[in-house]
Amino acid sequence: MSQITLPWIEKSPETLSGYRRKAILLLFVLAVGHLGIALVSLFAFKPGQLADWKIPFVLALVLGASLAGMAFTAGAFGVVFYRIIGKFLRWSYVAFALFLGGVVGACLIVWLHAEIFTFIKGLSAAEGEHRVWLLAVPYDHTVRNIYAGLEAIGVEVPVLAYALWPLQFEFIRDLVALGGIIGFISIIPAFGIWWERKVSARIQSRMGPMRVGGWHGWLQSPADGLKLIFKEDIIPPEGDPLLFRLAVYITFVPPICAFLALPFAAAWVFRDLDVALIFILAMLGIEVVGVILAGWASNNKWAVYGSMREACQMVSYEIPMGMSLLIPIMMAGSLKLTDIAGAQAGGFWNWFVFANPWCFIAFFTYYCAALASCKRAPFDLPESESELVAGFLTEYSGFRWSLFFFGEYAAMFIVAGLAVILFLGGWSSPIPEAWINSFLTAVGASPDGFFGTLARGLLAGGPIIFVLKATFLFYVQLWVRWTLPRVRIDQVLYACVQVMLPLVMVLLLANTLWILGTDHLQWGWLNVIDGILHWILVGIGVIVALAILCIALYGFKNNKRLVGQLAVVDQLPGS
Amino acid sequence: MILAVGLNHYLVLSALIFSLGVLCMATKRNAIGILIGVELVLNAANINLVAFSKYNAGVGDGHIFAVFVILLAAAEAALAIAIFMNFYNTLRTIDVDRGDELRG
Amino acid sequence: MDDLAFYIFAAVSLLSAIGIVASSNIVRSAVCLLGTLGGVACLYFVLDANLLAVIQLIVYAGGTLVLMVFGIMLTSKSPWVGFRATRGQVAGAVLVAILMAVGISTLVLTAEWSQSANAPLKTSPSVAEVGEMLLTDYLVPFEVASVLLLVVMIGAAYLARTEK
Amino acid sequence: MNHMYENLLALGVLIPLISFAILAFWGAKIGKPKSSYIACAAIGLSCIMATYVLIGWSGLDADQKADLTFAAANNQFHWADFGKIPLTVGVKLDSLTVIMFFMVTFIAFWIHFFSVGYMEGHSDEVDGQCKYHRFFAYLSLFCFSMLGLVISSSLLFMFIFWELVGLCSYLLIGFYFDKKFASDASMKAFITNRVGDFGFIVGLALVALYLGTFDLEQAAATFSQQFSASAAAGFDPAHSVGIFKGWNLYEMFGWGTETDPMMLSGLGVATLMGIGLFCGAMGKSAQFPLHVWLPDAMAGPTPVSALIHAATMVAAGVYLVARVFRLLTPEAQFFVAVIGCITLTITALIAIVQNDIKKVLAYSTLSQLGYMIFGMGVGAWVAALFHLMTHAFFKAMLFLGSGQVIEGCHHEQNIMKMGGLRKKMPFTCWTFFIGVLAIAGFGIPFAHIGLGGYFSKDEILVVAYERAYNHSHGESSAKHAGENLEKKDAESHVRLASMTDASLSQFSILNSTLAASGGDGSHAHGTPEKEKIGATLPHLPKWMFWLPIVIAYVTPFYMMRCWWLTFMGKPRDEHVYEHAHENWKMFVPLVVLAAGTFWCSFSLFRPMIAEAGGVAADAPAVVAIDGVAEELKDLPKNKLDPTMLMVTHGEGLTNFNNPHIALGWIVGFAWIIGMGFAWLIYRNGVAVARQIKQVFPLNHLHRWLEQKLYFDHIYDNMLVMGSRVVGTVCYTFDKWIVDGLVNLTGILTRFLGNFTGRQLDMPVKKNDFGLVDAIANGLAALFHDFFGSIIRRPQSGRIRSYVILTAGTAAVVLLLVLF
């Protein structure tokens, strides 16, 4: 027994408490120690002693230590108060709360990030020429300089100046942003997989996961994730082990990079690229390389079939997808996502999906093409389990396998988000802000007061509305998957090349001419027709939305009737 | 200061990538490897174009040229792959050294 | 910071390019090509050619590379079948490449460029400007390119068709 | 709403395109009857728009129309630049456009309607593909192209649509592509058109080069300015501008000497441009010598013949000439007239002996097109376009009638096998007869009652008469007008104007001529420059007046022959006769078009075209504008009445100075004589004709005409065989002379080599003394073993070796250059 023994594996539950005590002690010591360093560091650096040469040490020691300390503290709390937290977690609807909290947290990361960067941008440059030691990279802001800026806004924490210093480089800023994104998208699959299982269960009139974590098994995904992490790492020896490992990252990283350019709201974006839209498309396009490599490196017949299907499908569907996206681009006259979303503000009738019939159709063609390029059902040919075992995922297991899912769910969220930004008004609320303001004034609340700000933040557009919209489209993807049968591969390609491509081309041409007639040549009669069609489409949209709402309400009201008694929870072991 | 990046850095980088592309073309016996070498060479040329556009010419001509080069490279790759398919169908191999009917 | 970015991405591109040459496995070469393409795209970002960078990613990495890997899959019998050049050939090729690199580098380093080579211009053409140039000054090449793509499409389909 | 009319027209053009797109992509799914409804609906919608525009337009006064024209000209979409030449897309909005648009949509709609019935039995499947929807898709595409051609304000876009209608024509002629003759005919049509279009391109290039614009209006204005400026300089190359600088052929080709270069005068270049543009019209309107494709084009379905090869597309040539009229120099115009005259003569003669009902109509179409082109050539701008309109209606009707007959008679086209069909198909019979009357020029002279063909042909001939006799040329000045005044012929209703002033509008013509008739002799065309230009006008030879007159007698003859043999007399083939029937879907259009034939003869078309004539008024060439129209202009539009045409006539039926009166006597009764003659010969079937055919001079003439004057043979023998002969000659030269020389050298060398080689070089036989061989072998061994294997190695056929070599060489050269 010379192996490392983990206490909670080796011993039986009876003796768990002893090990837990040791663990608690260890963690507590670590946590307190690091917290101590962190606390000391807050005050150990006097404002007068700030110097640039200290930066690496401070960053390495103090920040690293405090971050680690926080993590350990959280872990220790988790272990110590397991039972209390466990009770707490059983509380109904905590899943949604957690999800929303995660979303809000992610949004906050984006926002904080943008704020910090604006703050650094706003600082006046330090005098003299400064270069990074050894690398000779010039920079504008010294630590003193930043601290002066912090003092000006009343934050007199010297170590913060050290922490903020690296953020003046866009490069590092993006790295930090990537960290934030990984945090966000690790929520998406965790929630999404659980949700998908619940949705599928509801569609098939069964329960879905019910046990782990209490309320409706909401902790199922993290539990599965844990399991996957500890699973054996199997690499097929006859394949190409290097590529087998690399493929995972080529699939996983691009969707994360795509988040760099995806705005959550007007200022809530990591990088407001002027070519944001194509950038995201490019990132989604690179993803396919990883999938193909995964299939190839597995050296498995089914995997290679799956990856070849993927290659065909992705390369074909990118074209109708991109061409559908050209239509809102034309309407807005920009490739910048913030511009495009900004052009649709002021009420849901301004959304591009209702702008004219071509846009209306383009929304659906885009959505179909996006489904196909995310290899979601009914286009999930590359991993169709009834034909190809699991397609390119056949040889994957454990953590690598879960990373593929991270990538896929991230991509799903991105295409949903793109649809929202390009067609459904982005983060703007369906109700114009002026209406909200006047409503607030009418009920006597000041728009700038606490409730006014809260109401405006929630209703008048912002990241939350964006995430809600995107989540809805994400939900539609699940819905489609569990209600439509899978199509054959030749049907997939036929649908792309012979149906979607001509249709989209016609749409593009028609929209071009339409814009030419309405906006540029100002044909009166065409504008009249445009107006009429616009309001008809708005009417259709309202009717569809109301219908979905009514059906959902009906289902919610009668959910017991649909699936029988949900009270089996109480009879499960461990309850 | 040599570390401060200027036009020459890009040009030298481009020269290196170009040479590596030539090397790739010269050493790969797989036809697709040669195609990869060609792509490297084209990329090297593109770096030049864009760098000149940034440092010297100023207007977007370099960008436009590079766009066209990328376009032509894509077209060339499509055709080349099609030709390789025929090559493979004829000789049952993708080794270009086997396609030496024209030797002196 | 642009300088640092340049060094990083140049290193990525160069190392990947070396990887392409050094790897005897063609699929690994293709993966390294992805590295080079990505690195060059990032260099375009550094050079303020955002549109070009994205086009590079979408056309090269998303299209051409997939096509190549697809071609490899159709023409290889196993991941491990590779063809190696003889040592003499490799030595000759390396010699030529070194000569070439030295020659071109010397050429560009000794050349006298018309304007200051170390002061990048502040204004780079925006996406809209590039697009406008494509549709005005370069309209004819643009249209010719579209015709060329059509020709290539038909030609490739014709060449790759199955014989009946 | 300032742009409403042009927008409506533009929309009317696009609707058929939408229909085409639908039918092209989903036609097969839409299925047999429904796809035709889409095409009909599309063109019907266009027709409604056209009608609305026509009615609205005819209610405007001249100022409003000019305003709208101006507004449309300024509402052009700047698309791109060809170098410095702007490329604009716009709608040319004037009376001519409105009328042509209406005419095309109206006829096209009824022909679509007809096709629904006609194509039911004519659209077999080929290779399992139904062709029914394809036919209507092509028709829609054609409508789009033709309408686009009509409204284009730019020559370049005219050319684009011009090619598109050519394409549609090709597709539709070859609609039965499974039949050899149809596909041959389509290719013939296409290739013949290419010849004409080549000229068009040359003309376009000259326009772009010298006038610097493709816009019709600007091109004409520039041309006019250049003309007047150069005319002021007496066309001296040194002082002329633009196109009138002429070409120095010494610089271009080295012709002549440097001091005395051969020159092509400015007028010559301008004429070349005009003829080039006209060449396009020659191809499309099938004018001599490119007329050979149109009869063969009858291989297409009959509605196509009616729409494309009778009413609209072939008339596009005339429309083009009308549009570029202001770019034609007098010489170019004369060329146009000659071509038209030749065409109308020979094709009418050929029509006499044709037995295929569609061929007869095709040749009569050619002849009538010849009349139009001839009218353009002599300057009867208004009359030629009026003839175009009337001809479109009755010729479409005639073709549809023939389609009805062919369909009814079970695909029988030979009129020799028909006869007596009037009992089986009365509607077709009598509508056809109306068409025959119209084309024959039915009318009562001096009373001015008649069908369309009567008025329009009469006016063309009147202008020709004036050109040939009264106002021959050169002195078409105030002096002449004064003489006329003295002869109390002041109401001479053809005004010849040779004008250079670009600003001269229709109204100034009216004013100047009124002034002239008022006796102010020096007002109208008094300046010496203009007199000089007037003097450059070519004389119209007398035969160019008399040939059309003769043909005016021939036309009723062959039309009557065709009608009589088809519908009257006794049935000559029982099988055909029994099968004959009518179909309501097909005779409704016939009746409508017959009504249209009446209507267009008397309606507002005539004055509206005359109004449009104003746009042609500043041409440097001869323009004839009928006085009738100008005087009608002052009347309220709703009072327009055909009897008004009588207004300007001089007193006395024997006043031969009045061309109308003179022509009334010369040709006014041609229809009676021609038709009567035909009735005499064919009243009892074909027996009499057979006998006449045997008479001595006529039998040879008949043979010649039956062989279509051997044009196809000539083309086959001259062009096709010619190319073959050239090829054979080249081949022979190459094979015997070049190869012979080479072989001779070889033989000689071998002989020499045999001698020297064996002795000096290489031993072959036992006693041969091979000196060099020994050395060479030694060296060769050295080279082979040492250098050869090194040099051979790179030539491995392996691409990589070549890469290394090329790159290595480049690198070495680079290094050598550097260091």
Side-chain angles (χ1 to χ4, degrees), chain A residues 131-132 135-140 168-173 238-240 242-244 246-247 250 253-254 257 261 271 273-293 295-299 304-305 307-308 310-312 314-315 318-319 322 333-336, chain C residues 1-9 19 23 25-35 37-38 41-42 44-46 48-74 76-80 124-131 157:
Chain A
R131 284 182 187 279
V132 178
L135 288 176
V137 176
Y139 59 88
D140 286 341
Q168 63 179 300
F169 304 112
E170 292 188 4
F171 187 63
I172 292 174
R173 179 194 172 206
E238 295 298 317
D240 188 333
L242 179 70
L243 293 184
F244 191 82
L246 197 61
I250 298 179
V253 172
C257 291
R271 281 213 125 170
L273 277 180
D274 52 356
V275 287
L277 181 59
I278 325 180
F279 178 78
I280 290 176
L281 282 185
M283 286 302 145
L284 292 178
I286 292 177
E287 194 191 345
V288 66
V289 179
V291 172
I292 297 175
L293 287 178
W296 173 256
S298 301
N299 198 12
V304 173
Y305 277 142
S307 53
M308 281 172 101
E310 164 85 358
C312 286
M314 285 286 288
V315 173
E318 262 181 15
I319 299 167
S334 173
L335 285 172
K336 214 173 184 175
Chain C
M1 204 62 204
D2 276 359
D3 293 1
L4 183 62
F6 168 80
Y7 286 118
I8 291 172
F9 296 130
S23 168
N25 183 334
I26 189 68
V27 184
R28 289 191 183 180
S29 290
V31 176
C32 290
L33 180 64
L34 179 65
L37 296 176
C42 294
Y44 292 159
F45 272 122
V46 174
D48 283 345
N50 286 0
L51 181 67
L52 202 56
V54 178
I55 289 176
Q56 163 108 351
L57 286 176
I58 209 165
V59 176
Y60 259 129
T64 311
L65 192 71
V66 172
L67 197 64
M68 282 183 189
V69 179
F70 201 75
I72 293 168
M73 284 185 180
L74 288 175
S76 292
K77 286 163 185 156
S78 146
W80 298 113
S124 279
S126 69
V127 183
E129 280 164 11
V130 172

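Chain naming here is simple, since letters A, B, ... match the order of the sequence lines and numbering starts at 1 in each.
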Region of C/Ala128 in contact with chain A, defined by heavy-atom distances below 4.5 Å: neither
Under 4.5 Å from any heavy atom of chain C - which part of A/Leu293: side chain
Heavy-atom side-chain contact between C/Ile55 and A/Ile278 under 4.5 Å: no
Residues in ring pair (Phe, Tyr, Trp, His ring centres under 6.0 Å) contact with A/Tyr305, at least two apart in sequence or another chain: none
Atom pair CD (A/Glu318) and CD1 (C/Ile58), whose distance is rounded to the nearest 0.5 Å: 6.0 Å
Side-chain heavy atoms of C/Arg28 within contact of A/Leu246, under 4.5 Å: no
Atom group of A/Leu281 that falls short of 4.5 Å from chain C, counting heavy atoms: both
Partner chain C: residue of A/Gly290, A/Gly285, A/Ala282 with the largest heavy-atom pair count (under 4.5 Å): A/Ala282
Pairwise side-chain contact, A/Leu243 with C/Val31, heavy-atom cut-off 4.5 Å (strictly under): yes
Toward chain A, the part of C/Leu65 with a non-hydrogen atom under 4.5 Å: side chain
Flag side-chain contact, heavy atom, 4.5 Å: C/Leu57 against A/Ile286: yes
side-chain contact (heavy atoms from CB on, under 4.5 Å) evaluation trace for C/Leu74 with A/Met308: CA-CA 9 Å; C/Leu74 288 175; A/Met308 281 172 101; 3.2 Å; yes
Residues that C/Ser29 engages under side chain to side chain donor-acceptor pair (under 3.5 Å), provided they are two or more places apart: B/Lys28
Pairwise distance CG(C/Asn25) to CG(A/Leu242) - rounded to 0.5 angstrom: 9.0 Å
Separation between CG of A/Leu273 and CG of C/Leu51, rounded to the nearest 0.5 Å: 11.5 Å
Shortest non-hydrogen contact between A/Val315 and C/Gly62, atoms and distance: CG2-O, 4.3 Å
Proximal component of A/Met314, with respect to chain C [non-hydrogen, under 4.5 Å]: neither
Shortest non-hydrogen contact between C/Met73 and A/Trp296, atoms and distance: CG-CE3, 3.6 Å
